[in-house]
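Quick note on labels: first sequence line is chain A, next is B, and so on, each numbered from 1.
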There are 2 protein chains.
Amino acid sequence: MKQISRFSHFGELSDKDYFRIALSVDCVIFGFEDGELKVLVINCNIKEYRGKLSLLGDLVRPDEDLDSASYRILRERTGLGDVYLEQVQTFGAVDRHPAGRVITTTYFSLVNVRDVQLTLAENDLHWHPVNDIHDMAFDHLTILHACHERLREKVDDHPVVFNLLPKKFSLRELQCVYEAILNTRLDRRNFRKKFFMMDWLVDLDELEQDVPHRPGKLYRFNAAKFTRKPKALAR
Amino acid sequence: MKQISRFSHFGELSDKDYFRIALSVDCVIFGFEDGELKVLVINCNIKEYRGKLSLLGDLVRPDEDLDSASYRILRERTGLGDVYLEQVQTFGAVDRHPAGRVITTTYFSLVNVRDVQLTLAENDLHWHPVNDIHDMAFDHLTILHACHERLREKVDDHPVVFNLLPKKFSLRELQCVYEAILNTRLDRRNFRKKFFMMDWLVDLDELEQDVPHRPGKLYRFNAAKFTRKPKALAR
DNA sequence: CCAAAAGTGTTTTCGTTACACCCATGC
DNA sequence: GCATGGGTGTAACGAAAACACTTTTGG
């Protein structure tokens, strides 16, 4: 692998120094439960950060694509295969990891908590309300905030929120998810209008069961009908 | 560095395998010249891609922050220090680099081409019109497109375009830059309205010189007055 | 009958777009 | 005087926001 100096476009590289950096992937796995946006975390057990919350991550293997590494982490921790996953940012401060030079690429993911079996809860693997987290190990709080911000931007014009819900859901549940993510209250009539206008929903002609009030209709996501918003300056 | 397995949050890692991945940074350095959006490129000299255009990049050094690496590349190639630089995405397909496993984090940068001295034009370092590039070495065309797309999104509501222009510029020049980036024609009156509304400009009470028509006023960027647009769903 | 949420349209507001004429300069 | 772009305002349109009452169900 010394050839990298001779054959690459990088110029005058010398030696194995460049292989003293490890690359990891950290996943911010969002879920929605009890009306709150939650994130899947573990308790950190390295001495510098003992007891603090930590995201789920792992080093990237030499023979695996970066994206594959994030899918692997998700699969290992949640058992889920086909999930929404989006790369957000790579954090590479020299001192971000006490054990050595580790650069991490972060992803956020949206899953339905009811699909996840947290059977082996090693290191107290659990769902934690995003709004209750004010401290984490490493730079994971920064990462969490970056991913949450990216999610907020994303939901504005992309129908990704459906990944947090079961296949069948009511408009109220859908609105609750948006409110949890954006941390605001939304107008119910305008909310409904928007979704019907976007044509993102399919009416299933079924009603909610076991609710202590008038049951709402159930919908599923209409994957086919997604179109982007027009941009501001491009006429 | 074996400790990483014991002390980190990563779990059951074994050995030095994880240090067989190199990390690089690639910079998409945009400039504006002759009415066109251009990018600073070199000719690739590794055998698999000989003669193809390549972005400017280098491996990240073990003791340098990721962001610092991108600033270093920029400084080494352009001599410029204080420039706009934004991380875009990290590309990590196993086979993206023929010389071995190299994962690259990409940045885009906006500079004023007239500030850049391409004195030592090694490997034919030059400004190339973005729209004329249909093939590059490695996955650099994908990277270029990702950065161009990010730039398009960015200029919609962030005043970053000023970085491509000299300190003093006319509204026509400013509009030309937007048109080059977005690849559309814009309405002149609405364009002016937008900028005055945003309060992004300071009227310098000077006029263009040596233009073969009525000279336009010159402006500079008003860094203080930047505010974001409101988002769609958050009322 | 009471509580709780479902369902439903219209008006107002505001930002975006479209559009045409006179002006200043160089040649 | 002619070519080139500079400078300017208004009307139409469309998207988003504000807003209240009736209906359905469970208890």
Whole Å only: how far is the [atom1] atom of [X] from the [atom2] atom of [N]?
X      : N      : atom1 : atom2 : answer
B:M197 : D:dT8  : CE    : P     : 15 Å
B:D157 : C:dT16 : CG    : P     : 11 Å
B:Q209 : C:dA24 : CD    : C1'   : 14 Å
A:K194 : D:dA18 : NZ    : P     : 15 Å
A:M198 : D:dA16 : CE    : C1'   : 12 Å

Problem set entry | Residues in side-chain hydrogen bond (donor to acceptor under 3.5 Å, both in side chains) contact with A:H145, at least two apart in sequence or another chain |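 Residues passing side-chain hydrogen bond (donor to acceptor under 3.5 Å, both in side chains) with A:H145: none at all.
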Problem set entry | Pairing residues for A:T90 by the side-chain hydrogen bond (donor to acceptor under 3.5 Å, both in side chains) criterion, not counting sequence neighbours | A:T105, B:T90
For this session: For B:K38, check side chain to side chain contact (heavy atoms under 4.5 Å, CB included) against everything at least two apart and list the hits.
Result: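 Testing B:K38 for side chain to side chain contact (heavy atoms under 4.5 Å, CB included), a comparison that skips the adjacent residues, returns B:E33, B:D34, B:E36, B:W127, B:P129.
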For this session: Report the residues that fulfil side chain to side chain contact (heavy atoms under 4.5 Å, CB included) with A:N190, sequence neighbours left out, ordered by chain and then residue number.
Result: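 For A:N190, the residues satisfying side chain to side chain contact (heavy atoms under 4.5 Å, CB included) (neighbours in sequence not counted) are A:D187, A:K193.
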Seminar exercise, completed: Scoring nucleotides 19-27 of chain D by protein non-hydrogen atoms under 4.0 Å (B base, S sugar-phosphate only, - none) yields BB--BBBS-
Exercise. Taking only residues two or more places apart in sequence, or in another chain, which ones meet B:F169 in a ring pair (Phe, Tyr, Trp, His ring centres under 6.0 Å)?
Worked result: B:F162
Problem set entry | Spacing of CZ belonging to A:F195 relative to CE belonging to A:M198, to within rounding of 0.5 Å | 8.0 Å
